[in-house]
Structure formats: C-alpha cells, structure tokens
Novice: 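Shown below is the structure under consideration.
Naming convention: chains lettered A, B, ... in sequence-line order (proteins, then strands); numbering from 1 in each chain.
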Amino acid sequence: MSFPTALSTTRSAPIILDIRQISKSYQGVAALENASLQVRKGEIHAVLGGNGAGKSTLIGILSGVTQPDSGEFLLEGSALAPRNPRDAIKSGITTIYQELSLVPALTTLENIFLGRELIIERAGMKVLLDRKKMKNEVIELAQIFGISKDELDIPISEFGALKKKVIEIVKALTFDARILILDEPTSGLEEEERLHLFDHMRNLRSRGVGLIWVTHHLDELHGLADVATIFRDGRTLESLNLENSTVGEITNLMFGIQSNEAGLRTKNDRLQKDDKSNRPEVLSLHAVSRAGVLRDISFSLHAGEVIGISGLAGAGRTELARVIMGIDTRTSGQIFLKGKEVNFKSSAFAYKAGIAMLPEDRKQLGIISGLSVAENISISNLSSVSRFGFIISRKKERELATKYKEILSIRTPSVNQKINNLSGGSQQKAIVARCLNSKPSVLIIDEPTQGVDVAAKTEVHELIRDFTSKGGAAIVIASEIQELLELSHEILVLRNGSIVGRIENVQNSIEKSRVVEIKAEVLALSAGKRLKNEI
Amino acid sequence: MANQRFNISMKKFLSDPILGVIILLLLVGGVASFTVEVFFTLQNFTNFLSGSYFVMLLAMGMTVVLISGGIDLSIGAVMALCAGIVAKLALQGMSVPLVIVCALAVGAFVGCLNGLLVTVVGLPDFIATLAMSAFATGILFIWTKGTPIVGYMDETYKQIGGLAPIYREVTVPMVIAIVVAFALGAMLKKTKFGVHLFSVGSNRLATRQSGINVTNIRILAYVISGVCAALSGIIMAGRNTTVPPDLGGGYEVLAIAAALIGGASLMGGRGRILGAILGEVVLAMTINIINLLGVPSSYQKIFIGGILLLAVLVNQLVISSRTKILMRSTNKK
Amino acid sequence: NAIGTLKQDALTGTSATVDTAATDAAIRKLVNGRTIKLGFAPPILSEAYTIAQQGAWNQMKDYETRYGVKWVWTEEAPLNNAHSGVETTGFIQNYVAKKYDAVFVCSAAPAAVMQQLYKQGSAKGVEFYQFNSTEQLNQKSQATDATAGLSSVSNISYDNRWQSGALAAQYIAKELKGKGEIIMILGPAGSDWTKLREQGFRAVIKKFPGLKIVGAADGGYVRDKGLTAAADLLTKYPKINAIYGENEDMALGASAAIDAARLKHWDGKSGIITIGADGLVSGMDEIRKGNLTATVNVGYADMGRTMIRTMFAHKVLGMDVAKFIRVPTVIVDKSNVDIFQSQIKAELATKVKY
Amino acid sequence: MKFKNFFFRSVSITGVPIFGLLILIVALFQFVVPIFNATVGDYITNLVPVLLLTVGAAIVIIGGSIDLSIGTVCGLSAGITMWTLASGLPTALSILLGVATGTFFGLLNGFLITKFGINDFIATLATLNISGGLLIVLSQATELYGAESEFFTSLVYGSFFGIPTSFFIAGAIILLMQFLLLKTILGRRIFAMGNSGAAANVAGINVRNVKLATFVLSGTLAGCAGVLLASRLGGVQAFLGLGYEFTAIAGAVVGGVSLAGGRGSAAAALAGGLFIGTLAQGLQLIGVEPIFFGIVSGLALIIGVIFDQKIQDIGQLRSRFDSRVLAQPPRKEGDHG
Ligand SMILES: Nc1ncnc2c1ncn2[C@@H]1O[C@H](COP(=O)(O)OP(=O)(O)OP(=O)(O)O)[C@@H](O)[C@H]1O
Ligand SMILES: Nc1ncnc2c1ncn2[C@@H]1O[C@H](COP(=O)(O)OP(=O)(O)OP(=O)(O)O)[C@@H](O)[C@H]1O
Ligand SMILES: [Mg+2]
Ligand SMILES: [Mg+2]
C-alpha cells in the first residue's frame, strides 16, 4: 500500500529540518526506530499516529528533553544535537508539549516570558524586570485568545486546565521560532480557539516557519496541514501530500488495517431514541451553587442517560464535576443520588456511593505518577483485587490491568511500567479503565478522549455507551461539540457558572442540518449571544 | 471588570502569606503588653530583636533555598564555622574588612558545595546538607579541640555583634539584617533570577523545558543561604564574644520554622522575606515573653510548642476566612 | 609554684619536694613497663572536659617519667545533646569489648543503666571511675547510704550543691552584706547539674532575709541564650544587685547584657555582681577585666590529675580508694585570679598528649 | 541472561543496594577490628529503638509528610512507662500506657495536620516541644527509675537462643509494617498519596484519613520504641529522645525513602538505619577521635548514598522487561467494524 509521495513534485521549498534515522528505546523497548522526516520552510507538517506510536518521543528529542540512542537531525543543513531544551530554544526550536508544562507559582505573564524575560537598563545595570514592556508585547495576542489584562497577573494555579492550555499556546506563539512544534495543541480546546490557533499557524507558515503539528483530530488536517507523516510502533511510514489523500487512507496507515472510516463510523449507530420518564432518576441537582464559580445548577440524570455539558473555558464545567464529587464544597443547593440527599465530604465517599470521575487535568489530577499502570487502574477499587478485603493480590491486579490493556490497547511493554512513562493517550486510557473498574452507577467524564487516537476514541465511546446501556448514567464534559453530539441525549450549556441553555433529545436530531444547527446554538449560548430561535 | 480588578487586588492582599503572621504578632504582642508592663517598651523590643537578627539572616537564606524547592540543614553549622573563622583570623590580627571577606567567601564556598552535591551529584538535599553540617562542625572541633576560641574581641567586634550600638539604638546587626532583607526582597520580586527561583521550586521540569539552567539557579540558592549563614556567623562571633565548637547547634531548625511561619513551603515555590523576618520575630518574642512572665523553665518547651501551634492556627484561620471573603466578593456580580 | 603544690603523690600524700626516689624505684619495678589502657568518656566536648583531660595527661606524663608506665588513651564523646547521654552507654560497651583497664565516665545517662554497665564491665575486669558527675542524688537508697548501688570504683567530683551553688550564694551574700535582689540564669530544666546547683544556691540565700531571688530564666548553658535571657530580665528588674549564672558561659552572657543595658558592673561597692561557675580560661580573663565579678573554680585540671592518681593507686598499687573523692573548689575573683589563671594556663601549656 | 536480569531487577529495588553496602562495611569492620562481631549484639540492642523510629519516620515520609516529634514522643513514652511502673502499676498496663502515649501524639499530629491543615513540619515541631516539655515536667523531681518488674527488663535483656528479645519484638513490628506498606490496601493508598496527593484525592482516596493513619502509625511506633528504651535503660531522664528524630529521618533517607514522598519501604528504612548505626559503631571501634568523627561519618554517609543511587540507576537501566509482553497484540481485522 505505497502511496505516490507527491511531495517532491508539489512542494519545492527548501528543507529546514531534516530528521534522519532517529532511534530511541527505553528498557529495551523501542519507542522510535529509524524515524525520518523532512520539514520544509513554510510548511505545516502533521505528525500522525496511534497512541504510543512515538510522536512525543521524537518531539522530546527535537526539543532537547531527551537524547536519541542513534540518528541525527539537521536544522537548515547544520547538524544539531541539543543536550537540553536551552540548546534547542537557542537554535530556534519552540515546543508546546503534550502535557501542560506551565509553572503554577508564576503569573500568566511570568509564564509566557519564562526564560526570556525583558530587562530594564538602569544605571548601566541590567537586572530589573520590565513587566510593563512584557505586557504590552503580549496583550494583543492574549486578548485574541480571551486572556484579559488582569488575568496576566494571576498565578497559573488559579486557572482551569483549558485556560492553561490557551496560555501555553499564547506563550509558544510569542516566540519567533524557525521551527514550532505543537504536540496535540487542540486536545480539549474548543471551536473558537482552535480557529484562532489555526489562523496563527497559517500566519506563521506564511512567514516561513516550519511547523510540526501532532494531532489526533484528523478532520482538522485538511485545508491546514500540507504534509502528514505517519508513525506506527515507532517507525515512520509514509509522508503523504494531504491534497490527495483521504482520512480513510490515513487511518489505514496509522493502524495498518483496511478499515473504512475508522473512528468516524460512530455516526451510524447512535443510542436508541429514548424517553427519560420511563427510566429511574439516578442523580439530580437542585440549585447547586459554589460561590464565585457555580450558580443555581439544577438537572436530573436518569439511568441509561448521558448528559453532555458544553461551555467555554472557565465556564465552570470542571468545577461542577468537582462539586458533585465532593472535591470542592458547594455553598448552597442539594444533590440527590437515587433519591437520597448526599453531601460528600470527599471524593472517597462519592466513589463509595457509586460515582466515579475522570478528571480533566491528566498530568496533575489524573495519573498517579510513580505508580505502575496496574496500580493506577486498580487504585479506585482496591477491594476488587484484594483477598480478605485488605491484602492486595498482585496477580489479580495484573490480570485486571492486562484485561483493560487489551480492550483499550494501552501501549506499554508491561502493566508494571510506571504510568508516567506511558504515552499521553495511553495514560488517558488507563484512567478511563480506572473509572470503569470502580463499577460506578454514575460516571463523570471531563474531556474523555483528550489525546486519545481515533481508533481508541471509538472504543472509549463504545465503553461509555456500553456502560449506559447496562443502566449506568454518565455526565460527559467535552469541548468538542461533535463528541457531545455523538454521546449525549441532552446537552447543557454552561456560562459563568450557570446553565444558559438545554438541548434535549439530541438523539432525535440526526440529520446533518440539525447537527450543524445545534452546534451553532451551543456556540452562541456559551459565547453569550442572543439567539433568534430561543429554546 | 471593575469587580474583577477589585477581586484581584483583594486576592493579592488577602492571599499574602504574611497577613496571618502580622495578625498573630498583634495578638500575642497585645496580650503581652497587657500582662507584662515592661513588654511594650523600646528597650525590650531592641533587646529581644538584637538577639534575633542572626537567626533572621539564617531564616532569610533558608527562605531562598525553600523557594527553590530545597532545604539547607547546614546553615547552623556554617554560621558557627564562619564565626570560628572570624575569631581565628582576628586573633592573627587580620584587619576587620579582610576577616569579613574571608568569612563570606567560606560561606559562599560551602553553599556552593551544597549546591553541587544536590544538583550535580544528585544527593537528596536533606542528606547532602546534613553531611555538610557535620563537616563544618567537625572542622570547628578540630580547630578548637573542644575549647572555645577566645580573646579576639575588641570594640569593633563588640559593634559588629551589636553589643555596642553605632548610633543610639541602631546596631550593626540591625543594619545588616535590614539591608539583606531589602536586597533579597528586591531580588525575589523584581529580578529575572527571582522569578526563576520560584519557577524552579514550583515546577522544575517545566522550568527546564523553558530553557532555563535549573542547576545554576539551585546552586545559587544554596550559595545565597551560605552567605547569609556567614553574615550571621560574623555577627555571632561578635555577639557571643567566644566561639565554642558547638555554637551552631539547632539554629537551622529555628530558621526553617521562622521561614515556614512566614509563608514558605517545604514543597517549594512559595516564600516571603518579610515573612521569614516576622516569623523569627514571633519566635524571639515568645522567648522574651516567657522570660518576662517568668514561666518556670521546665514549662518553657510546652509554652513554645503552644505558641508555634497558635502561630500556624491563626495563619490557617486567616486563609480560610480569606477564601470566604473572596467568595462573597465574587458572588455579588 | 602552683603546679608543684598540686603535684600530690597518690602514695604518700607528701609533696614532690620530699625525696621519694626509693619509692619511685620500687613502683617502677612493680609496674615494669606495663601499658595501661584508659578510656575517657565525657558527656560532650567542651572546654571544661578538655582542661580535665589535659590535667589527666599531665599526671600521666609524671607517672610515665617516674614509674615508666605506658599509657593508651582513647576519648569517646557525643558531639551534641550532652544532656541525653544515652550514646555513652555504647562507648562503655565498646571499652569493655576492647578490654580496657579503666574508664573515666561522666554521663547524663540514667544512673541505673550506667551502674548496670559498670557492674557488667567490672566483671570483665574493667574498672570504672566517674568524674564530675552528680551521683549523690540519683539513687533513692543514697539518702541513707551514699555509696549504695554504685558499681564504680570511685567518683571524683565535687558536690554541685555545697561546693558550687552554695559558694556562689555565700559570695553574693558577703559582697552585698546580706541585702539585695538577685536573678538567676539557669541551665536547661531537667539537667542534674542545674538542679543541684540551684538547690545549693537557694538553700544559702534562704538564710539571708535581706536577699531575694526576684527572677530566673533559662540560659541553656550557652552564652548567647544567657545574654538574651539576662537582657530580658534586666528590662524587668533593672534594679537588681546580682546575677547568678549557673555556669560561666551564661554568666559571661549576663555580663554582656549588663553592658548592653548600660548598667554598671560591680566595683566592690555598687553595680551588679555577676558570678558564674566552672573556672575556664575565658572566665579568668573577664574577671581580671572586671566584666565578671567572680566564678566558682571547680578545678577541672585538678580533677583530671586526681582521676589518674586514684586509678593508679587502686589499679596498680591495689590501694583502697574512697568511694567519693571531692576535688577542692574555690571562689575566684579579682583578689586571687592570678593564682588560678596561671595554674590553668600552666596545665594547658604543657604540650603533653596521649 | 535470566539471572543477570534478575540481579539488575533486584538491585533496582529501593534499599537493596544499601543493604549490600551494609554487609560490605560489616565485613570491612570485622576485618579491621576483629572484636567487631563481639559488639554487634550490644550496639544493635542500643539501636533497636532508633530503628523503630526510623521505620515510623519512613511511613510518614512515604505518605508525603514529615514527623519531627517522634524523638521526644519516644522519650515521653519511655518516661510514662517508667513512671507508671515505678508507681506500681501492672507491667502490662504501663507498657500499654507507654505505647498509647505514642499513639495519642500520633493522633494529635494527624488531627492538627488534616483537620486544621497546619503545615506538618511546624505542627510536629510544636508537638516535639510539647512532648519534650512534658517529659521534663514529669521527670522534674528526679530521674524516673525503679522498675522492679522482671518481665519488663527482660523485654530487652532477655534472650531466646542467645538472641536478645528486643530483636524479636522490633523484628516482628518492622515485618508487620513492611507487610502493611507493600501488601495491604492502606499501604497502597499511602504510596498513592505520597506520590500525588491531589490525584489520589480525585481517585477516591480519603487522603485525610490515610494521612492521619500514617501519623498514628509513626506515633505508635515511637511509643513502642519508648517502651523498649525504658526497658533497656531502666531509668529515664529529662532529655531522653531529643535529637533521635534526625537520626531516624536520616536513616530512612539513606535507605532510599524519598522526602518527596511515595518511595521507599520499612525494610529500606531498616537498612538505612542499620547502615548509619553500624558506621558509627565501626568508626568508634576503630577509635576515630571524636573531633574527627563528624567529618568521617559525614563523608561515609555521602559515599553510601551516592553508591546506593548509582547502583539503583544501573539496575533500572539494565533490567529489561519480560520480552513476552513486549510484542503488542496486533489489531484484529474489523476492530473498528
Ligand atoms: N520515559 C520512558 N520510559 C519508558 N518508556 C517510555 C518513556 N517515554 C515513552 N515511552 C514509551 O515510548 C512509546 C512512545 O511514546 P510517545 O509518548 O512518543 O507516544 P505518542 O506517539 O506521543 O503517543 P500519544 O499519541 O498517546 O501521545 C510508548 O510506548 C511509551 O510507553
Ligand atoms: N483549581 C482551581 N483553583 C481555583 N480556581 C479554579 C480552579 N479550577 C478552575 N478554577 C476557576 O473556576 C472557574 C471554572 O473553571 P472550570 O475549570 O470549572 O471551567 P471549565 O469550564 O471546566 O473550563 P476548564 O475546561 O478550563 O476547566 C474558572 O474561573 C476557573 O478559573
Ligand atoms: Mg504524545
Ligand atoms: Mg474543564
């Protein structure tokens, strides 16, 4: 299945980055094997591949975080071997890493300029920071991405995960780099900001910057990326000219099988049209508020139902989840679980009562780094793998983990591998497994498929549907409206911590036209514009 | 918008770690000034403050290290060692400025060693600095063979030690402490290095990924605390009028306590110079009050423990009430 | 000179000026070049114990030259917290394991366990001598029989109550003519030494209705803490006439506090008396300068010498030695400082080392 | 190959290298000072209480906190035991009271830290002073002593087949802790919490209770240590236990327990504690002068830890995963329909 690599014919810009035969292996497991690709001046070069295919490893090497076992890469003809990120940045390679890498203790501004602060010249001495100048330089860009002047002075720790992502993007865009690497910048990012980002990417391209762009959202590629290089199991396969290649072909290459429209097929089998009245109510909120973040949230969730929650960054979606779980306290309102009022002092009680949550911030709140994959999967329901209710059986644990490893195709040499050594997507899968393993009756998922490859995405969706079809109920928070549409029966739109719109019976409205309409509605609602056809 | 701005300034003010300490000081001081008449007198304050400048210096240095995400258990011993150097060199008739320079150099050097052990060699900071304090003490013991170094004192060292003021109530230690405080304060708030310190302590990996030489920053943090220890050693030499081998014992713990009360965190990325100073003032004031009240010395430890708890409890109270206030302020939108 | 008079001979009690050549020869024969292994376990490394050690060494040197006895000397001391002397137990077990002839111990460790160790050690032929310790109050039974439950051959020390605390009090009483206010800077609460000296001090002060102890504070046996404590008390009681520093370092701290408070040192008629206890080099200087009024010199050098003499008399010459040997103590002030300072200086001046 | 892998795997386990090093220095000391072996029984008996403290410290540190109070709490427990014994309470009861004292302070620490959210360092520094102060007050009149109970003294001085009783007691306790940390649910939660408190909290672990548990455990261990100490000393004076906390923490860290939390084990702490203790003992027997002692032991400490780390790194690098699990299961046809 060799594609005609039309590159040479179509594009003739000079090669700016030439990656040659780079290999890297960890504990005898190859993460990269002779990966090679060429990025040309003013080119958006998509890097695609399943979870654990080796994309981030390559990026780690390009940006000096890790050193390759063999191979080299040339930047504008001269060989480059950055020993640390400093070297890479100095030579013009800027990176947005897959995992949030901002400094909690510093303000937005300090983070954006971290490592290249502007200094005032005072009495011939260059010591004092020039905050004003820094602000002026970044404010425009920041505001485009919805970061207010004041937010520049707020410590990062105060922001929700999405805001952080946006800040990171702004940070990357303020560098003038020769090579800009974006490792899944859009995962969990919402429509509007994606478009902004894409504009800026095009803009940079026109300025001759070479962009390396890792994404799992294949539908984003067309009309933006020029070339796509496909990774599988650490090897680079083809470099496709995207003008003449379909999503189908790409997924085939990614997973090495003949599947038509892998990952996009979900549209054809939605959940059955249903009527919530004949299903028992599982969870219901009555005027739940958390001062400053949430106001008068009320809804009821029925068995077998999925409620999707949409909204912009900082709308309060994550907070809502945290409040239901009892991680953050609510200041007023009631929560009923199966008719009984509940008031969880901590998430432990929520789990006991049968509510599980998949957090949004994978790195900080999701994985328990330092523990193995198996240990991460079992942690929320240890009794399921223990004898006499208190002695943990490694064997049971391993079996459990291996089961999920198969189902979700978590790519790791062994379930005893430390989870922080896994690829981003594989980590996400492991946490999904953890939630499911806690056998909940209500599942709260904040950005379920961020960083998960298309194939696994359908699997995750499958698992959620399977979960609800067995009588479970789920709350899905997702910035991708598409994803909400595929999963949920009802969509709530949040703005400034209160529900500004409900779209019911999403399932009835299959027709493409309606889908587009809903998207428009949701966007408008969350952005706060008035709508012609009120719901 | 205005609301948000108010909110932010409000946050800034309320979320300041030292707010709790200030309130505590007012509290304890208030109570004391009613129970002990002489407490609220200039003389008393200059008294117990003059006994605390050298710990303040230690606490400031410690704060810098804590911010960078480390810990320095060697400062007590380093202080003693530098005091020893001052005494020894002074005895050999070296001129005061030269003596001071030497002491500072040694402090910086030991700090540098700490830094290298922790970063380059990759030892746990706890072990590296603990061993370093063993070295420093050991050297002092070898020098002194167990008998204190004596006979170096003269008027200048009396002044350096704060036993003799330079102008009315103003003493050298006071001046040094104030100067260092302002210098470090400015460094943390207004310079690139300051930002990088917080950055390293808060998220080392991200800092590295931003192309910052994390190793240098961390080493420098230890150097700073080494220099602070040296300064406090110079003062100590003058104040203690002799240098016994076991001079430095236990001061590192005091310094850490002061820094933590002042809002620093063992997890790194947090800390205030002013906080460290006030933290030490709290500790010194406690002893002062104990002495003035004439608490039987057998109950002193319990008393100290109580005050320590009170200190952090008040801090905690302030923080919780702060969040409440903030919520209310954000509520009325 | 001072040393000469101190060169007491364990045998005859006569001074070295008497011709003892014959006896010396006889003893030399008895000893016949044997080596004696000695252990020295002070509770901490400090000036006091260094002086004691030097005294011991000097005495050993004398015996070496006079009797041809050879010495092995090993010091073991914890580097910190002198007051929880549990480390010492380990040292002692090691001395026993290494089959030392005699061990000199001063430890704050519980008497019970120490005596237990001495017993075990003695059974293995190791002799134990306690020095500078506070045995007299550790065993209830000692109320009736002072030597009860003591497995050490002998205890070379002074009585902290009557030979230190009380002396200081008497001096203050004498100088102040039985009238005045006193503050005490004490060692850490719970230390036996502190307890005893305070006991003796108070006992004497009680006898003088005119004398009043107005305040006390913890100076932790170190100069800096002593300074702070004294300074605090001086702000509260600026009118006091005397400060009892229960060891010399704290007394010197107090003296510095007097300067800081711009108060006057005792000049024989007016000012504030500061008196300490130990008899260290630094203290003597300050007495000469008038910053320290007086100190109780407990003669550490003498103690060191006596340790060796006693051990030699018992171990080598098989003499019976007293269970408690009291070294003389003396109040040192301007009037007699020359004697005792020169004495200590002389002891330390000998470059003798083992 | 198989063996080599096993070797590297095992040296990559925390505490194993330092244990190897321990054996090494024991051999060395035995060679330099032949009487070394004769003293082992004694110095380990002296060490036992500190070893218990070390394990307690390790548990708290693995949970991501620090406990400075263990030293003085141990002292106070010893005091309480001795006091109650002397005042004629039944031996069993006073032993219980001694241990309970430790547990109580563990609870106190735990509550201060979890309920009031007080910084652990300060909170335990405060309880350090309080417990130390209480012992001073308790022993004020005179040193506490006068336990006539045979059984009590036999806790330490008794022996089975020539091995001191205290070894069995301490050994049993430490084994129990090792089991608790590595095999039980609580242990797993302690590790999770130590690695990432926030994530553990989100994952449904009641972080507060788990933290409380760690402090109760270390407190109780301090209590046990106190009882053994009292039994060994037969007398308790005012400053007993002061400073033990640092020896204990240092021991744990040397054993490879990371102060960052989430890494280590009871056995590792034990190895570290033994290493430090043996080092001191050996150097004493060799007759290192006290004034050089600090420097020599400091140096040895550094070398020890470097050795430990390097060996572990090598182990981790060289130990390969089982080649069977390497191959990814090929996606079956129609995986995606
Ligand atoms: N530090 C490490 N130690 C061990 N294995 C590692 C380490 N880092 C990466 N790996 C392995 O290398 C492989 C590639 O990981 P990588 O992060 O490059 O995948 P990826 O293509 O970025 O996947 P994703 O799309 O999920 O981010 C994975 O199997 C991962 O387990
Ligand atoms: N951990 C946190 N600490 C303090 N404030 C937070 C935290 N997380 C979120 N917030 C604030 O609470 C509000 C709601 O944030 P939340 O994250 O719930 O919104 P969201 O819709 O989930 O957006 P995101 O996806 O960015 O989290 C925002 O103002 C955010 O700044
Ligand atoms: Mg990746
Ligand atoms: Mg969110």
Novice: What's the separation between atom CD1 in D:Ile302 and atom CD1 in B:Ile127, rounded to the nearest 0.5 Å?
Specialist: 9.0 Å
Novice: Within the 4.5 Å heavy-atom criterion, are D:Leu259 and B:Pro124 side-chain neighbours or not?
Specialist: no
Novice: Among B:Leu260, B:Leu313, B:Leu309, exactly one meets side chain to side chain contact (heavy atoms under 4.5 Å, CB included) together with D:Ile122. Which residue is that?
Specialist: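 Among the candidates, only B:Leu260 passes.
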Novice: When you scan chain B against chain D, which donor-acceptor pairs turn up at less than 3.5 Å?
Specialist:
residue: B:Gly122; atom: O; partner: D:Gln309; partner atom: NE2; Å: 3.2
residue: B:Gln316; atom: NE2; partner: D:Gly117; partner atom: O; Å: 3.4

Novice: State whether the number of non-hydrogen atoms from other residues, nucleotides or ligands found under 6.0 Å of B:Phe109 atom CZ is greater than 12.
Specialist: no
Novice: Among D:Gly132, D:Gly117, D:Ala300, D:Ala123, single out the residue with the greatest number of heavy-atom pairs under 4.5 Å to chain B.
Specialist: D:Gly117
Novice: Is it the side chain or the backbone of B:Leu73 that comes within 4.5 Å of chain D heavy atoms, both, or neither?
Specialist: side chain
Novice: Taking all non-hydrogen atoms of both residues into account, name the closest pair between B:Gly305 and D:Ala126 and its distance.
Specialist: O-CB, 3.5 Å
Novice: Based on non-hydrogen pairs under 4.5 Å, which of B:Leu130, B:Ile304, B:Ile256, B:Val121 is most in contact with chain D?
Specialist: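 If we count pairs closer than 4.5 Å to chain D, B:Ile256 comes out on top.
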Novice: Give the intermediate values and the outcome of side chain to side chain contact (heavy atoms under 4.5 Å, CB included) for residues B:Phe303 and D:Ile130.
Specialist: CA-CA 8 Å; B:Phe303 197 95; D:Ile130 292 172; over 6 Å; no
Novice: Grab the two heavy atoms, one from D:Gly294 and one from B:Ala134, that are nearest each other, plus how far apart they are.
Specialist: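 It is O-CB, 3.6 Å.
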Novice: Using non-hydrogen atoms and a 4.5 Å limit, figure out which bit of D:Leu299 sits close to chain B: side chain, backbone, both or neither.
Specialist: both
Novice: What residues form a side-chain contact (heavy atoms from CB on, under 4.5 Å) with D:Ile295, not counting sequence neighbours?
Specialist: B:Phe135, B:Ile139, B:Ile142
